[in-house]
*Asks:* 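Following this message is one structure expressed as structure tokens.
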There are 2 protein chains.
Amino acid sequence: MSAELQQGTPRPDFEGFVALLRERAPLLPRRLRQVADHALAHPDDMALNTASQIAQKAGVQPSTLVRFAQALGYSGFSELQQVFRSRLRQQLPDHRERLAALRNGGAAGADMASVLLDGFIHASEASLERLRSGLRPDDIETATDMLAEARTIVLVGARRMFPVVAYLAYAFGKLGIRAVLVDNIASLGAEQAGMARPGDVMVAVSCAPYTPATIEMAAVAKAAGVPVIVLTDNALSPLAAHCDLCLEVSEADYGAFRSMAATFALAMTLAVGTAEKVRDDA
Amino acid sequence: MSAELQQGTPRPDFEGFVALLRERAPLLPRRLRQVADHALAHPDDMALNTASQIAQKAGVQPSTLVRFAQALGYSGFSELQQVFRSRLRQQLPDHRERLAALRNGGAAGADMASVLLDGFIHASEASLERLRSGLRPDDIETATDMLAEARTIVLVGARRMFPVVAYLAYAFGKLGIRAVLVDNIASLGAEQAGMARPGDVMVAVSCAPYTPATIEMAAVAKAAGVPVIVLTDNALSPLAAHCDLCLEVSEADYGAFRSMAATFALAMTLAVGTAEKVRDDA
DNA sequence: TGACTAGTGGAACAAATATTTCAATCTTCG
DNA sequence: CGAAGATTGAAATATTTGTTCCACTAGTCA
């Protein structure tokens, strides 16, 4: 091992570890780098599991963990692990206090950022909670059945909801499921969506205030005999009229902005659930 | 040992442990009671230290810890400690096991859907929790300062992360803040991003596996004197090298898919925070 | 009071875990 | 192309850690 990597024991706190890694990581060999990535991505894992369990998850040998720790100047893996454990110890009470402080005292202008962030986090958590209790598992089941049998999945969503369908396009693509994203480029949305035929399935996403184009495309598809699955905010949505299956996701808002957390969680579920079905059928 | 204390392995979660203790504690011998008190008072200690360290803090022998665990029906101290560790971990791996069990056991379909949804909801919640405690409010403050002073905000993100910048484009637009979305249409991404000049600000979003084009655009912008704000998953990200401010968001994953909840919450915070600043300046 | 039982401390033991070592492999540079 | 060096995987080893056992104590009931 080159001598330059050998130094006295580095700072025993997590921040110190990250700082150290920031400068050393680029110079580290492949496997050690792999460990570095894993350590930053899964710090809890590093704190709570044994060396061989961590090594397995990181895709390396246990000995590599020891080498990694030593390359950074720690005496061994155990010493490095203490860094992660102390982080876990401090982090919990620390953030509980901060949260309580924020809630009680009307925050000053300086931590406006914290208040906003906290607000959006809360809205997201509330949305997820509602999703958990509000959605019928049978409906997801029906949806994934439909999607798994589709020749092509046509994804429609605009404005606020475009990110959701864009994500679905990515996820389906990665899972090897044929899907096309209607992005309305050059105002060709109607033509893009119009190519759907029986045998295909449309997924349309829209919440209040509903984008007329999305409703229109769903209506046209349905009339053409294309099954339509809708993600919307409530059962009275104008979209609900033009669909075969309606999945309701009510997001909580903070200020003028609504969370997207529940919608994305549902989207991921649909994508993976469909992939599982497709695989089982084959 | 009296037979009544011997039972099958109790529930492996922390709630179960507390419930069990509530009814058994009064009947326990002195030293075991002492352990019970310590366990409830210092659950983190129970999760993160070795048996002899814990024993010392609790004022008992290591063997007493083992007896305590066994008196409650666990096979030994190690098994009991896992209960405390999973509490810290917020039971994430538990879901993987359940999903694996479902696959093997061939459970009913509706169950599969529930497990998936539950898994993604958990991953989202864990991500939000990490965001809450892991992000420095000062960094958000700095980011919104930079954004509020920008003439035009240039938004760069690809593949998995495209939905985030697409959302930001929507949000900034709605808030009356000038922003352009680099969507790489017709492979014109470099030209789209290349129009950024000093006085503008670029927001680049990318997590592993990093899209080379995004890194490249951030590097070019930075070299041209355009301030770059980066949203990425860890400090070692190749994007971190080419930015003026690095916001780290580590999302929890479930299966092969990572949550987007924390990234979106942060994006909303940035958008609204910037709007507040712009309004105050005027 | 004396025998019996449950409880306890501490040492011996067994198991799990981290660490070291060494041979094989891949890189790099002459 | 070939040699020197770095890197890696896997087995051997050393250490730590958890567990069991047994002698001893304290409390309880005949």
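Just so it is clear: chains get the letters A, B, ... in the order the sequence lines come, proteins before strands, and each one is counted from 1.
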*Asks:* Rounding to a whole Å, what distance do you find between A/Y74:OH and C/dT19:P?
*Replies:*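 Rounded to the whole Å, the gap is 14 Å.
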
*Asks:* Counting heavy atoms not belonging to B/R159, are there more than 12 under 6.0 Å from its CZ?
*Replies:*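 Count not over threshold, so no.
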
*Asks:* Could you state the CG-P distance from B/L28 to C/dA6, rounded to the nearest angstrom?
*Replies:*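 Taking CG of B/L28 and P of C/dA6, I get 15 Å after rounding.
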
*Asks:* Roughly how many Å is it from CZ in A/R30 to C1' in C/dT28, rounded to a whole number?
*Replies:*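 A/R30 atom CZ is separated from C/dT28 atom C1' by 16 Å.
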
*Asks:* Separation of A/I54 atom CD1 from C/dT17 atom C1', in whole Å?
*Replies:*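 Answer to the nearest Å: 12 Å.
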
*Asks:* Please write out the pairs of protein N or O atoms and N or O atoms of nucleotides 18-22 of chain D separated by less than 3.5 Å, giving the distance to one decimal.
*Replies:*
unit_1 : atom_1 : unit_2 : atom_2 : d
D/dG18 : OP1    : B/A51  : N      : 3.0
D/dG18 : OP2    : B/A51  : N      : 2.7
D/dG18 : O3'    : B/S78  : OG     : 3.1
D/dT19 : OP1    : B/F77  : N      : 3.4
D/dT19 : OP2    : B/F77  : N      : 2.9
D/dT20 : OP2    : B/Q70  : NE2    : 2.8

*Asks:* May I have the distance from A/R31 (atom CZ) to C/dC26 (atom P), rounded to whole angstrom?
*Replies:*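 It is 12 Å, rounded to the nearest whole Å.
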
*Asks:* Measuring centre to centre across the rings, with the benzene-like ring taken for any Trp, is B/F264 within less than 6.0 Å of A/F264?
*Replies:*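 Centroid separation for B/F264 and A/F264: below 6.0 Å.
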
*Asks:* Keeping to residues at least two apart or across chains, list the salt bridge (charged side-chain N to carboxylate O under 4.0 Å, His left out) pairs with something in residues 51-66 of chain B.
*Replies:*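 Checked against salt bridge (charged side-chain N to carboxylate O under 4.0 Å, His left out) - neighbours excluded - the pairs reaching residues 51-66 of chain B are B/D45-B/K57.
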
*Asks:* Check B/R160 with B/E251, please: is the shortest side-chain N to carboxylate O separation under 4.0 Å?
*Replies:*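 B/R160 and B/E251: not salt-bridged.
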
*Asks:* Which whole-number value in Å describes the distance from A/R85 CZ to C/dA18 C1'?
*Replies:*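 Answer to the nearest Å: 12 Å.
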
*Asks:* Distance alone, cut at 3.5 Å: any donor-acceptor contact between the side chains of A/Q53 and A/T50?
*Replies:*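 Distance-only check passes for A/Q53 and A/T50.
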
*Asks:* Would you tell me if any nitrogen or oxygen in the side chain of B/Q61 comes within less than 4.0 Å of OP1 or OP2 on C/dT8?
*Replies:*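 No.
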
*Asks:* In whole Å, I'd like the distance from the CG atom of A/L80 to the P atom of C/dT17.
*Replies:*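 In whole Å, C/dT17 P lies 18 Å from A/L80 CG.
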
*Asks:* Can you tell me how far C1' of D/dT17 sits from CG of B/L48, to the nearest Å?
*Replies:*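 Those two atoms, CG and C1', are 16 Å apart.
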
*Asks:* CD of A/Q56: more than 12 outside heavy atoms within 6.0 angstrom?
*Replies:*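 Counting neighbours around CD of A/Q56, 12 or fewer heavy atoms of other residues, nucleotides or ligands fall under 6.0 Å, so no.
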
